[in-house]
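Here's the structure, in structure tokens; my notes come after.
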There are 2 protein chains.
Amino acid sequence: MRLSRYFMPILKENPKEAEIVSHRLMLRAGMIRQQSQGIYSWLPLGKRVLDKVNAIIREEQNRAGAIELSMPTLQSAELWQESGRYDAYGKEMLRIKDRQERPMLYGPTNEEMVTDIFRSSVKSYKDLPLNLYHIQLKFRDEIRPRFGTMRSREFMMKDAYSFDLTREGAEHSYNKMFAAYLRTFDRLGLRAIPMRADTGPIGGNLSHEFIILADTGESEVFCHKDFVDFDIPGESTDFDSVEGLQAIFDKWTSLYAATSEMHDEAAFNAVPEGERLSARGIEAGHIFYFGTKYSEPMGAKVQGPDGKEHFVHMGSYGIGPTRLVPAIIEASHDDNGIIWPASVAPFDVVVINMKAGDQACDDTCELIYAALTKAGKDVLYDDTDDRAGTKFATADLIGVPVQIIAGPRAVANGEVEVKDRKTGARETMTIEAAINRFVA
Amino acid sequence: MRLSRYFMPILKENPKEAEIVSHRLMLRAGMIRQQSQGIYSWLPLGKRVLDKVNAIIREEQNRAGAIELSMPTLQSAELWQESGRYDAYGKEMLRIKDRQERPMLYGPTNEEMVTDIFRSSVKSYKDLPLNLYHIQLKFRDEIRPRFGTMRSREFMMKDAYSFDLTREGAEHSYNKMFAAYLRTFDRLGLRAIPMRADTGPIGGNLSHEFIILADTGESEVFCHKDFVDFDIPGESTDFDSVEGLQAIFDKWTSLYAATSEMHDEAAFNAVPEGERLSARGIEAGHIFYFGTKYSEPMGAKVQGPDGKEHFVHMGSYGIGPTRLVPAIIEASHDDNGIIWPASVAPFDVVVINMKAGDQACDDTCELIYAALTKAGKDVLYDDTDDRAGTKFATADLIGVPVQIIAGPRAVANGEVEVKDRKTGARETMTIEAAINRFVA
């Protein structure tokens, strides 16, 4: 992508409405724009990151056997009356009347709808286990949306729903998502710690929040510090192995970890003092097992091997992509801007032409841009006539992992400079060597 | 994907609410499910097709230089008051009040919002031309939603918006989208004919609808029959060439073609009688040039090379993925079900195990499934214990282009049958040959 043809409205000033660093950097880098209170557009740079986050979430959901569909944003009130949540859900639910005066709502979550889909077509235990997920917009009419897309009203959520014949089966389904979430956060460059959590309006009796430690987190959390070094389940994890997944779950729940709602002071104090971690955290994912809470009132049942009908045991598993993007920034930035993990960087590399219009610089940059693009890399080419200093500042701000800098002096020697955004290390090398670093 | 682990709720009976063949087949194949009037879930099989349609749209938008972002679904009424459309738009606009009683709406289109994004950050002609698009849900509260996702209330739209300094520039931008749309429909396996069209609530004075000829189409259309054989712009089309794109536009508008609203009986009668085509059509895309209709009231202007401020010339370009899926089915099906063009097929191939549980059949199918999956193909493996007849019917119904059929007799000879869904042609060949057909 040539920057001269791109749309990346960088802000020079620090936006004063932004209280936390991720919000500030997302606005400054032209990633998002607020359209109304708590409702954001994802501008092209932000959209690229969001797409990469979603792609990783999707891959790990699929790996764990979940199946993607897409449920609509608007739901009928009727469905929520069946579960009893229409009245129970407070003002955070955006209630709507259509032109026929039928009561509708903008879905804040999808337990009811997915249960309706399930009951309409699944009749036998032979079709279980089943896990259906979608990545879809949700709306929660927060009284105080804030921190940019960290707590917005219209937001994106990946929500998965599992259906099993028995509680044991449901626990295996729960463990699949538990392991998938560990892998997902790890691939996003985040260390998330699963903590026993309150179940809130979703309900149920088994629930974990995945918490990313960050000073700007909204929750107070307490855990054993060893979590920081625990191994992540590998790519070859067998999601069909009941024992294997149980072992992962057991390991990751063997030490103390709880959010403030579930905090047990006495249990925490039993952790040796030097190993206690009391910190702030960002809730990045939340998983629930809630048994037959929805299947009973909504009549979602299957015939079991015993020939009788059984209400299915369900769980739901949420992760918020539009919240993960700022969470990644909270965890990875410096004074100059964002430092993207390679897995979610909007571009793999930025080619900086220090003197656009200079024939040698132009030719060199075009050569590199073409070679890396051909190699399948996402390349941003800063071909604008901005000053070199502005270009460096922009490249640092938007956090692309590698910068290839072509200035007249180096280019005259057939060389360019390659800068690592994270370490700041710069290395001068031949043009060919710079290309080979990516193509090899 | 193993069918035994997939979620594809096939209907055996013809759903009686479906009036047209695409709606019937989408319901029967378990592609969609209606959640409330005119509001659909896309079940896994449907979601796969929708994703492939969107991927093609996206590739062609990017090729034409458009840049993707993502605007939210909910908009503030204020923005629409600026353009004057808040009152002008009728009951099709879903109006909402949030918990603070602020008037909002579910966006039926995004001219206002994108103009707001533009005016907040683009100040100079040097940043033009610019074309921003997103693929996002929209809501239009149709009084009579029907034909499944062909005319639904919540639907997906790719809408692009171009910004230029001059009318000439805007015409080039218009021609880019014109050519991109021709390419898009062609890649979707559709022949779409651009027809002069009414501009409706979007406004402006230059507009084309892209019409797919189909007996079940809602519009009456009139055109020269030669359109059916016109060449589609190639992959190497230079979208920067003003003349090149103008030539494409001129060619494709050189013969008579109009929807009923714009129909000119006298002009149509001037077409030699044997070359007149009077038919029904499905509106699959709609492009508009509307000059300064939004930029003037909303103050979207840039500094020109003359140092003065100019209101930008705009166009908008819509294409409906959730409507294209049924349109493709209308154009491509037979009595047994859907016949997907390869470019949008939910799976590239379905492997049918005629006798699941038979060791030789199982081994053969597993071998083929693994080899094709490894080769990057999307493979559906029917490993269920349904009867062979049911499996054949399902495979035909869901329209996967190629079926590889493994029955005990053929497998004993080291062979399988390969069936082409479209022609029905069957060929017996070695297992290796069947694999090589895809891997080669």
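So that the names make sense, note that chain A is the first sequence line, chain B the second, and so on, each numbered from 1.
With a threshold of 4.5 angstrom between heavy atoms, A:I143 approaches chain B through its backbone and through its side chain. For chain B, the nearby parts of A:Y6 are the backbone and the side chain; heavy atoms of each come within less than 4.5 Å. Neither the backbone nor the side chain of A:Q34 has a heavy atom closer than 4.5 Å to any heavy atom of chain B. No part of A:R48 comes within reach of chain B, as not one of its non-hydrogen atoms sits under 4.5 angstrom from that chain. Neither the backbone nor the side chain of A:L11 comes within contact range of chain B; no heavy atoms are under 4.5 Å apart. With a 4.5 Å cut-off on non-hydrogen atoms, A:Q37 touches chain B through its side chain but not through its backbone. For chain A, no part of B:E112 is nearby; none of its heavy atoms comes within less than 4.5 Å. With a 4.5 angstrom heavy-atom cutoff, A:S76 touches chain B via backbone and side-chain atoms both.
Applying the 6.0 Å contact sphere to NZ of B:K123 captures more than 12 heavy atoms from other residues, nucleotides or ligands. At most 12 heavy atoms of other shown residues, nucleotides or ligands fall within 6.0 angstrom of atom CG in B:D385.
Between B:R58 and A:D51 there is no salt bridge, since no side-chain N of the basic residue sits under 4.0 Å from a carboxylate O of the acidic one. With respect to A:K97 and B:D141, no salt bridge is recorded, no charged nitrogen being found less than 4.0 Å from a carboxylate O.
Within the 4.5 Å cutoff, the side chain of B:R33 has heavy atoms near those of the A:S120 side chain. Using a 4.5 Å heavy-atom threshold, the side chains of B:R99 and A:L94 count as separate. Residues A:S41 and B:M113 form a side-chain contact, since some pair of their non-hydrogen atoms from C-beta on lies under 4.5 Å apart. With a 4.5 Å cut-off on side-chain heavy atoms, A:F7 and B:L130 count as touching. Side-chain contact between B:I96 and A:R95: absent, with no pair of heavy atoms (C-beta onward) separated by less than 4.5 Å.
Ranked by non-hydrogen atom pairs under 4.5 Å with chain A, the options B:I67, B:L74, B:I39 are led by B:L74. Counting heavy-atom pairs closer than 4.5 Å to chain B, the top residue among A:R153, A:Q100, A:M1 is A:R153. The residue among A:M93, A:E78, A:K91 with the most heavy atom pairs within less than 4.5 Å of chain B is A:K91. Highest contact tally toward chain A, considering only B:S70, B:P9, B:S36, is held by B:S70 [criterion: heavy-atom pairs under 4.5 Å]. The choice from B:G46, B:G30, B:P44, B:S4 that makes the most heavy-atom pairs within less than 4.5 Å of chain A is B:P44.
Going from atom CG of B:D98 over to atom OH of A:Y106 covers 13.5 Å, rounded to the nearest 0.5 Å. Rounded to the nearest 0.5 Å, atoms OG (A:S121) and CD1 (B:I10) are 11.0 Å apart. Atoms CD and CE, from B:Q35 and A:M71 in turn, are 8.0 Å apart once rounded to the nearest 0.5 Å.
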Using salt bridge (charged side-chain N to carboxylate O under 4.0 Å, His left out), reason through A:R5 and B:D240 one step at a time and then give a plain yes or no.
CA-CA 12 Å; A:R5 292 174 165 227; B:D240 288 333; 3.1 Å; yes
Could you walk me through whether A:I117 and B:L43 pass the side-chain contact (heavy atoms from CB on, under 4.5 Å) check?
CA-CA 9 Å; A:I117 291 172; B:L43 303 183; 4.1 Å; yes
Check the pair A:E154 / B:T73 against side-chain hydrogen bond (donor to acceptor under 3.5 Å, both in side chains), numbers first and verdict last.
CA-CA 8 Å; A:E154 182 170 322; B:T73 59; 3.0 Å; yes
